[in-house]
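Below: one structure, written as structure tokens.
Computed over heavy atoms, backbone and side chain alike; hydrogens, waters and symmetry mates excluded.
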Amino acid sequence: LGPFPESSLSFIAVIESNNPQPPYVEEWTAGVQRQLGRGTVIQADYVGKHSLHLLDRRDIAQPNTIPQADLPYCQADPNDAAHDCPTYTRLPYPNFNGIFINSSFEGYSHYNALNFTLTHRTAGLLVTAAYTWAQSKDDKSAAAGVGATGSGFQGFMDNHDPHLDYGLSDFDVPQRFVASYVYSLPFGRGQRYGAKMNRAEDAALGGWQISGITTFQSGFPFSMTATDTAGLLGTFFQRANYKQGCDVNAHGGGRFDRINMSCFSQPAAGVYGNSKRNFLRQPGIDDWDMALQKSFPIVGRMHFHFRLSTFNTFNHHQYVVNVGGLATGGSGGGSAIDNGLSDSLAGKITSAAPARIIQLSGKITF
């Protein structure tokens, strides 16, 4: 029958690095703390981290780039074997037409942050407020260097030049403010208002507490993806071309428009897109979760605890991907904005976290 043609062979493998190196993190911090009057403390900290030799996984069988001299022929006819167009003519390992994963320890990341914390404690009020100004960058954010979207076995656009993927981490948040608070309302016996209430009035009006968590946060970053025309690049993570100087936020003003799609274009067949990984950003978070609670004595040590909880209390639009608590994000499918260049909804909001949620709960302790 003769040998099988190389173009028909397929192989999937994962190999370990022949030069494993232990990953490590270098970290440095500096901070100051000061008391501002009775019960109030302010603190400022700088945190820096530099991680090296992180585990990456690269598909070393991805086809080599088409030579510039052959590119016009390949764009006109992707099947022109005489000009190194088909995938099998550009395989780094001609006998392996498939996925060939090399686990290496070449990943790296950088993180820098300034943290400011204010704590205030009095007899009826406890407040903790924290503000973070930070930046996180890496070559791949997912565990073991796999792809967060598309193909899960690896995650680089060009596996022969993984440095092209160095950019903002999928979880990068440049600014975040969180405040938590518990306030005992000054009503009831022994309080500022209603100090002489009788037992019945105090049972109804005294002892109430308001608590909550308020979060303001910048959105997560994401990329604008495009199509690997005719599969000439053999990539799962082609990115769009970006017109330098174009204002991506100058959208048409439609209700769900968020990205000016005229800033982007489809790369030519066989050419990688020039936009950077994760250089766009989702809408941020403006969330108030609050609760009203009180403990009612019944008899002896028996109490009924009542709680009214509201999540997204003021019903603000939260254009984020909801996972568990409030939000996470990332490039690709993790974005609340459609980031597929050829999609009919490209540049528009396509998902949101739930609207206001009201929850009543109670329990008896004895």
Side-chain angles (χ1 to χ4, degrees), residues 4-17 55-104 106-107 139-142 144-167 170 222-242 264-278 330-333 339-343:
F4 289 100
E6 294 176 354
S7 60
S8 68
L9 298 179
S10 180
F11 191 82
I12 300 177
V14 176
I15 62 174
E16 295 298 328
S17 172
L55 178 61
D56 274 345
R57 297 203 298 177
R58 295 191 295 123
D59 181 9
I60 59 177
Q62 182 177 347
N64 290 315
T65 306
I66 300 171
Q68 287 294 317
D70 292 333
L71 195 54
Y73 300 96
C74 296
Q75 291 173 345
D77 184 3
N79 299 312
D80 187 353
H83 292 91
D84 290 334
C85 298
T87 296
Y88 72 87
T89 66
R90 295 179 284 113
L91 295 176
Y93 304 94
N95 294 325
F96 300 101
N97 180 25
I99 304 166
F100 198 15
I101 303 300
N102 176 39
S103 295
S104 62
E106 301 172 350
D139 65 338
K140 192 55 56 187
S141 297
V146 300
T149 58
S151 175
F153 58 81
Q154 61 86 25
F156 294 109
M157 181 175 69
D158 181 2
N159 284 278
H160 303 298
D161 190 5
H163 298 298
L164 292 176
D165 275 38
Y166 180 71
D170 293 353
F222 67 100
S223 309
M224 184 61 66
T225 64
T227 302
D228 177 15
T229 305
L232 290 176
L233 296 172
T235 181
F236 291 92
F237 300 96
Q238 171 71 306
R239 294 196 288 270
N241 278 340
Y242 168 64
F264 301 96
S265 61
Q266 169 65 39
V271 179
Y272 288 108
N274 66 10
S275 62
K276 297 181 180 298
R277 167 178 164 254
N278 284 350
S331 59
N339 64 333
L341 183 65
S342 60
D343 295 348

Test item: [X] and [Y] side chains (from C-beta on) under 4.5 Å apart, heavy atoms:
X: Pro92; Y: His160; result: yes
X: Arg58; Y: Glu106; result: yes
X: Leu341; Y: Gln266; result: yes
X: Tyr93; Y: Ile60; result: yes

Once you round to the nearest 0.5 Å, how far does [atom1] of [X] lie from [atom2] of [Y]?
X: Asn274; Y: Asn241; atom1: CG; atom2: CG; result: 4.0 Å
X: Phe156; Y: Leu164; atom1: CZ; atom2: CG; result: 10.5 Å
X: Thr89; Y: Asp70; atom1: OG1; atom2: CG; result: 8.5 Å
X: Asp158; Y: Asn64; atom1: CG; atom2: CG; result: 9.0 Å
X: Tyr272; Y: Thr65; atom1: OH; atom2: OG1; result: 5.0 Å
X: Arg277; Y: Phe222; atom1: CZ; atom2: CZ; result: 14.0 Å

side-chain hydrogen bond (donor to acceptor under 3.5 Å, both in side chains) partners for Tyr166, two or more places apart: His110
Closer than 3.5 angstrom, by distance alone: can the side chain of [X] be matched with the main-chain N or O of [Y] as a donor-acceptor pair?
X: Ser275; Y: Ala240; answer: yes
X: Asp228; Y: Leu233; answer: yes
X: Thr225; Y: Arg239; answer: no
X: Ser141; Y: Asp170; answer: yes
X: Ser223; Y: Asn278; answer: yes

Pairwise salt bridge (charged side-chain N to carboxylate O under 4.0 Å, His left out) hits with a residue in residues 71-94, at least two apart: none
Looking only at non-hydrogen atoms, find the nearest pair between [X] and [Y] and report the distance.
X: Gln75; Y: Val271; answer: NE2-CG2, 3.9 Å
X: Ile66; Y: Cys74; answer: CG2-SG, 3.7 Å
X: Ala81; Y: Tyr88; answer: CB-OH, 3.9 Å
X: Pro63; Y: Gly234; answer: CD-CA, 4.1 Å

Distance-only side-chain donor-acceptor flag, Asn159 / Gln62, under 3.5 Å: yes
Derivation of the side-chain contact (heavy atoms from CB on, under 4.5 Å) call for Gln238 and Thr227: CA-CA 6 Å; Gln238 171 71 306; Thr227 302; 5.9 Å; no
Salt bridge Lys140-Asp56, side-chain N to carboxylate O under 4.0 Å: no
Residues forming a ring-ring contact (aromatic ring centres under 6.0 Å, His included) with Tyr242, sequence neighbours excluded: Phe264, Phe279
